[in-house]
Visitor: 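Here it is, the structure, as structure tokens.
Below, each value reflects all heavy atoms present in this structure, side chains not excepted, and no hydrogens, waters or symmetry copies.
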Amino acid sequence: MPLILPGNVASAIGGGYEVANSCRFNDGDTAYMHKTPGSAGNQKTYTISVWIKRGVLGTIQRIMDANVDGSKDDFLRFDASGAIKFGFNNANVLITTALYRDPSAWYHIVLAVDTEQGTDSNRVKLYVNGTQVTAFTTESYPAEDATGFFNDTIAHYVGVENSTTNAQPFDGYMAEVVFIDGLQLAPTSFGEFDEDSPTIWKPIDVSGLTFGTNGFYLDFEDSSNLGNDANGGTDLTEVNIAATDQSSDSPTNNFATLNPLLVPLSYIPTYAEGNLQISAQSNSGRFQSISTIGMTAGKWYAEFRIDSSQYHTLGVATEKSFTTASTLIQDSNNYLGGSNTHSYIYYCNDGEPWSNGTVSSGYGDSLTSAGDILGVAIDITNSKIYYSKNGTWQNSGDPESGATGTGAVSIASGETYFFAVGDLATGSFSGTSCNFGNPSFSISSGNADGNGYGNFEYSVPSGFYALCTKNLAEFG
């Protein structure tokens, strides 16, 4: 049940190289990039480096592939189990024993190949977060001087197997995607352990590396051309990737998403858009889902866009809402809102806050039109929560009123809170899009918090912040 809590913030180390952007790949869109080298490079020696934050789990997902209709296939991928697999010359070479299925974390993966090495285990080296992986369920190295398909004059893909089948699409975020032609590099070419926190692996500037004939570097800093090769080579062609797929969620500032590992035992919802969009699989199934980052102190702001017309319950839930097993089981009582005494939510259909199972009638306006945005400002310092509809604070609320709590709903003190989404199961529910500062949908105005983080449709109240690790380290 991976979660990020105050005091456990691995991507908030100050100073050093900062990664500004990532690219969001949605498997439902079969989003990917591709290019075909104009001439062959070194098919024996190369290095792949990529930072990854996973989205939907439980499926086979390609990270990078050199492929012609499956007949020529070298690849780096996740298996459905969460293992990392490397295939070379149509054969499985390495499958890790470890499983990588934490959707709250950024992983750094380095695959370094040199088949000219005399020792077989030196021909392929795999590293995760700066440490070499040595435990494999499958370990079968290429023959000495063997030639693979990476750097051949065939299509190279990022995020899918090939364009013929569109199979095994990646889901989640990628940042600092690097392909090196002709060198087998160690992870220290791409990252370093923090000087003051030596267990934390962080990125370094890779722009000065030698990329070789067919090498490329994707930094995703140009939203109008996310396939731009920042090394100056031929850009990758984007397929089903839009400007809104540029994200500020990165290895150096990790933003909250929804947690797909923490779901009810029945009527499991569907996650999409980097775990920022959620929808129900059934019109009759109640569910709740919470953010990957928890809050124990400070003031925090998020927005939720209504993607369907009915029965959204949006707000916050305490840690008790999921550590008590029954609250995760779909039944007539336990869901986000209603008699669930561990949640503080806005029932959008009636414009009513539900607080620890108590309803406040006549509080605010309903949000039932697709495109309506509910703003949620939680002030843990003063044990208050505020709700806005399309930028207008309900009940004449003033989140900046502090202990006075003008227009606020009181919340319990001493709790760990998570932003939360739920479905009342009274009717159809086609989805909610969450914005914790890294929206998956287009923002028409654009508002950051006081630290300059986040991208919100409406102004962030003074003293409130986007839920990301940079802010958590300072205010959490």
Visitor: Got a donor-acceptor contact below 3.5 angstrom from the N395 side chain to the G397 backbone?
Guide: no
Visitor: Would a distance-only check, ignoring hydrogens and angles, find a side-chain to backbone donor-acceptor pair under 3.5 Å from N26 to E273?
Guide: yes
Visitor: Do W393 and P399 make a side-chain contact, defined as non-hydrogen atoms from C-beta onward lying under 4.5 Å apart?
Guide: yes
Visitor: Does N390 use its side chain to pair, donor to acceptor, with the backbone of I373 at less than 3.5 Å?
Guide: yes
Visitor: Rounded to the nearest 0.5 Å, what separates atom SG in C348 from atom NZ in K389?
Guide: 9.5 Å
Visitor: Can you tell me how far CZ of R305 sits from CD1 of I443, rounded to the nearest 0.5 angstrom?
Guide: 8.5 Å
Visitor: Should Y100 and V128 count as side-chain neighbours, where that means a heavy-atom distance under 4.5 Å?
Guide: yes
Visitor: Could you walk me through whether S49 and V110 pass the side-chain contact (heavy atoms from CB on, under 4.5 Å) test, one step at a time?
Guide: CA-CA 4 Å; S49 169; V110 173; 4.0 Å; yes
Visitor: Decide yes or no for W51 and H108: does some side-chain heavy atom of the first lie under 4.5 Å from some side-chain heavy atom of the second?
Guide: yes
Visitor: Any side-chain heavy-atom pair from I84 and L76 closer than 4.5 angstrom?
Guide: yes
Visitor: State which residues pass side-chain contact (heavy atoms from CB on, under 4.5 Å) with S247; sequence neighbours excluded, sorted by chain then number.
Guide: S22, R24, Y173, D249, N438
Visitor: Would you mind listing every ring-ring contact (aromatic ring centres under 6.0 Å, His included) that reaches into residues 431-451, with sequence neighbours excluded?
Guide: F419-F436
Visitor: Should the ring pair F216 and F179 be called parallel, tilted or perpendicular, given that the plane angle runs from 0 to 90° and is split at 30 and 60?
Guide: parallel
Visitor: Any side-chain heavy atom of V239 sitting closer than 4.5 Å to one from S163?
Guide: no
Visitor: Is the cationic atom of R54 (NZ for Lys, CZ for Arg) positioned less than 6.0 Å from the six-membered ring centroid of F78 and within 45 degrees of its normal?
Guide: yes
Visitor: Using modelled atom types and a 3.5 Å cut-off, is there a donor and acceptor pairing between side-chain atoms of E176 and backbone atoms of P203?
Guide: no
Visitor: I need the D29 CG to D27 CG distance, nearest 0.5 Å.
Guide: 8.5 Å
Visitor: Got a second to check how far Y157's OH is from M33's CE, nearest 0.5 Å?
Guide: 14.5 Å
Visitor: Report yes if some heavy atom in the side chain of N451 is under 4.5 Å from a heavy atom in the side chain of K470; otherwise report no.
Guide: no
Visitor: Quick one: are Y387 and V409 in side-chain contact, heavy atoms under 4.5 Å?
Guide: yes
Visitor: So, does Q394 use its side chain to make a donor-acceptor pair with the main chain of Y386 at under 3.5 Å?
Guide: no
Visitor: Could you state the interatomic distance from CG (L218) to CG (N21), rounded to the nearest 0.5 Å?
Guide: 12.5 Å
